[in-house]
Amino acid sequence: MAHPRTLRVDYGKTSHVICVIGTELNVSMSRSAPPSSKFFSVKCTPNVQYRITPSPQDTAPLAPIPLNGNSVLFISMDRASTFENDSKLSVQYYGENKDVLGRAVLHLTAVEISLDVDADRDGIVERNNPNKGSWMWGPNGHGAILLVNCDSERKYGKKLDSEQDYVSRVSDLKDMSLMVLRTRGPARLPPGYKLTMHISQSDAENVRVFRSRSSDAITNTLTNLLYSAFVKDYPLVLSSEVLSQEVPYLGGAAEMNFYVEGLRFLDKDFDGLISINLSLLEPISPGFPETPIFTDRVVFRVAPWIMTPNTLNPVEVFVCSTSDNYQFLKGMKKLVDKSGYKLKICYEYMNRGDRWMQDELEFGYIDSPHHQFPVVLDSPRDGKLMNFPYDVLLGPDFGYVERVADNEDVSSLDSFGNLEVSPPVSVNGKNYPLGRIIIGVAFPTATQGRNMTKVVQDFLWAQKVQEPIALFSDWLLVGHVDEFMTFVPAPDRKGFRLLLASPDAGYKLFRGLQNDGHGQAIMFEGLGEQEEITVDEILKDENLQAENNYVQSCIDWNRDVLKRELGLDDEDIIDLPILFKLLEENRAVAYYPDMVNMIVLGKNLGIPKPFGPKVNGRCALEAEMCSLMEALGLSCTFIDDFSSYHKLLGEVHCGSNVRRESFDFKWWNLEM
Ligand SMILES: *[C@@H]1O[C@H](CO)[C@@H](O)[C@H](O)[C@H]1NC(C)=O
Ligand SMILES: *[C@@H]1O[C@H](CO)[C@@H](O)[C@H](O)[C@H]1NC(C)=O
Ligand SMILES: *[C@@H]1O[C@H](CO)[C@@H](O)[C@H](O)[C@H]1NC(C)=O
């Protein structure tokens, strides 16, 4: 039986003992016996069970049992007492001739105490789950889950709920994990006994615990209106300032609700596990501290932040409106309308001319069996869009998390066009049902390269459920992985294709045009702001060819990493005809609108319009793109982003963002 407790008894006395259901009291018989005792006997009322070791030979009931040095009496009770002292047990000691030498009497009160959580992860707090004190991954695993309370339920004066140490609205309780203290026993505990809840200092930095004042006050709308009364209804029990606090014993059969709030996301210094203890304290004598005679323990794990790949259905599409992007907005609006999603426009008073919606933030979500909500990760990039995630997105059931870096540590690689996630994959028998995060860093051999800042990398790796892959993106002037890769849904194989920009595919297409007699076809026709150039001229430029050979080798290096880390075959990859050119420090930018930098809305793709050479009135690059994508059942819409994005070294994907539905797969079912 769990939780054995050593009890001392004094002969010649009546003592009062509390026995917690599920525990066993053990009494060393010889230690508490009168001197020269040789035998003992035990008697008790029906609610009490006992056993003796070593097991006595003489089986006659009530016959004195020989006392030897290691005789131990084990006492347990299986039903809670209705009244104090409603059960009894007495021990009688005998001398050599079975003469009575002394008697110890125990008045017993049984109580049932269980601190309960949703350890089986079905959204309901079950009764005394035997696994509640530990945490295990997987479909057969167990352990309760905690959300970081990173949204803002407040009506006025926006602030993260986790930054206030009181419950201001009843709606805030659903972001917390319910924990129930179930007790059964007499109306009161004997004088001096008390229940306390406690937590370690390090765990208390990461959670807070509130309780409801009355046992059933979950939704009391009247107190909800009376703000101050409401706050008093949910007193703070544990926090980083209060590591231990007495909680009331209600008497009879009672339940008291507690609400556990996560305060911090997983990170380098926090693996997400939290334990909370509840103890029954026994008074010894006045002036001495109480000693715990029973401790129940529950464990939670804080939910990770999860990213959503292109293969999940969109919910909302975000873009910026600027003084010069009317053409782009028009194209996006048409595409989003056609796809049946919501377009959210961030206007100039908020974006202050910063159009790179992809780069300032990344959408993700947090999930638990009781609740789920989207959470935006705010990049340390902090361009002029920097207030948008907090001021606009943060709200009720829309969470916010940021990682703050020193300014000198932040580079262009910290923009979240450089943070993507793959669809679910399986690699050499290892499953990644939530996909894998992809970031771009400096080439491993580079000593002076730009990297994604450490605080963001640490955060991403600590989430664990989408184990990141680092690609080489520093060869690009802007340096984002979305400049050379993306994923689109596919009806066959692994359910998706990896699209890679490919100068080789570009040259092949242009040479084919030349061979077919279209060498005089014109790129950038009629754009005005961009000098026109023929296919022949492009193919004659040896410098451009050399630059593109270098770019292809950079992309091929990443291709090999992606094949290895995502378990892809060549058939899972499609090369898109895209040329680059090198600018300052030999870093690359797209030569014409970078078609891989697209927005994926279900089966509809919004692709930067490439302004390629026309053959029979149709752009040859668009035609190639359509034929590749239509083979997968996808439909291409080309969006003119030339002057307002491409010329500023970004494209459609850089200028948009998509909030998507969450995975059906539950992260706690991962086998880790
Ligand atoms: C229970 O027993 C203890 C000791 O035997 C005694 O001090 C106490 O008063 C009793 N309580 C009640 C309610 O009878
Ligand atoms: C909680 O209980 C466990 C097991 O009983 C113990 O190891 C741990 O130290 C306790 N923690 C606190 C903060 O009391
Ligand atoms: C950049 O980040 C990668 C991936 O975490 C790491 O392996 C590498 O050491 C970092 N490089 C530099 C120069 O900090």
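Counting from 1, the numbers follow the sequence of the chain as shown. Both ligands and their constituent atoms are indexed starting at 1 by order of listing. Because the structure is a prediction, the values reported are computed rather than measured. Side-chain atoms are counted along with the backbone in the values below, which use heavy atoms only and exclude waters and symmetry mates.
- Here the protein heavy atom with the shortest distance to atom 12 (C) of ligand 1 is Asn85 ND2, 3.3 Å.
- A donor-acceptor pair is defined here as one N or O able to donate and one able to accept, closer than 3.5 Å; such a pair exists between the side chain of Asn418 and the backbone of Val481.
- Contacts of Gln457 with ligand 3, taken as heavy-atom pairs under 4.0 Å, involve the side chain alone.
- No heavy atom of Ser275 sits closer than 4.0 Å to any atom of ligand 2.
- Protein heavy atom at the shortest distance from atom 10 (C) of ligand 2 is Asn277 ND2, 2.4 Å.
- Geometrically, ligand 1 and His107 share a nitrogen or oxygen pair separated by less than 3.5 Å.
- Taking 4.5 Å as the limit, some side-chain heavy atom of Met485 sits within range of a side-chain heavy atom of Leu562.
- Residue Thr14 has at least one heavy-atom neighbour below 4.0 Å for each of these atoms of ligand 1: 5 (O).
- The Val441 neighbourhood of ligand 3 comprises atoms 2 (O), with distances under 4.0 Å to a heavy atom of that residue.
- The backbone N or O of Val125 sits nowhere less than 3.5 Å from a side-chain atom of Asp116 that would complete a donor-acceptor pair.
- Counting heavy atoms closer than 4.0 Å to ligand 2, residue Ile199 contributes backbone atoms (N, CA, C, O) but none from C-beta onward.
- Aromatic pair Trp667/Trp305: centroids not less than 6.0 angstrom apart.
- Closest to atom 4 (C) of ligand 1, if we only count protein heavy atoms, is His16 CB, 3.7 Å.
- You'll find the side chain of Phe288 stays beyond 4.5 Å of the side chain of Pro283, heavy atoms only.
- Remark: atom 7 (O) of ligand 1 lies closer than 4.0 Å to no protein heavy atom.
- For the pair Arg436 and Trp461, the cation does not sit on the ring face, since its NZ or CZ is not both under 6.0 Å from the ring centre and inside 45° of the axis.
- Listed by number with element, the atoms of ligand 2 under 4.0 angstrom from any heavy atom of Arg297 are 2 (O), 3 (C), 4 (C).
- Atom CD of Glu584 sits in a sparse spot, with 12 or fewer heavy atoms from other residues, nucleotides or ligands closer than 6.0 Å.
- A side-chain N or O of Glu282 and one of Tyr193 form a donor-acceptor pair less than 3.5 Å apart.
- In this structure, the protein non-hydrogen atom closest to atom 5 (O) of ligand 2 is Thr295 CG2, 4.1 Å.
- The nearest heavy-atom contact from the protein to atom 14 (O) of ligand 2 is His198 ND1, 2.8 Å.
- Side-chain rings of Phe210 and Phe258 stay apart, their centers remaining 6.0 Å or farther from each other.
- Of the candidates Ile439, Asn451, Leu413, Asp474, the one placing a heavy atom closest to atom 3 (C) of ligand 3 is Asn451.
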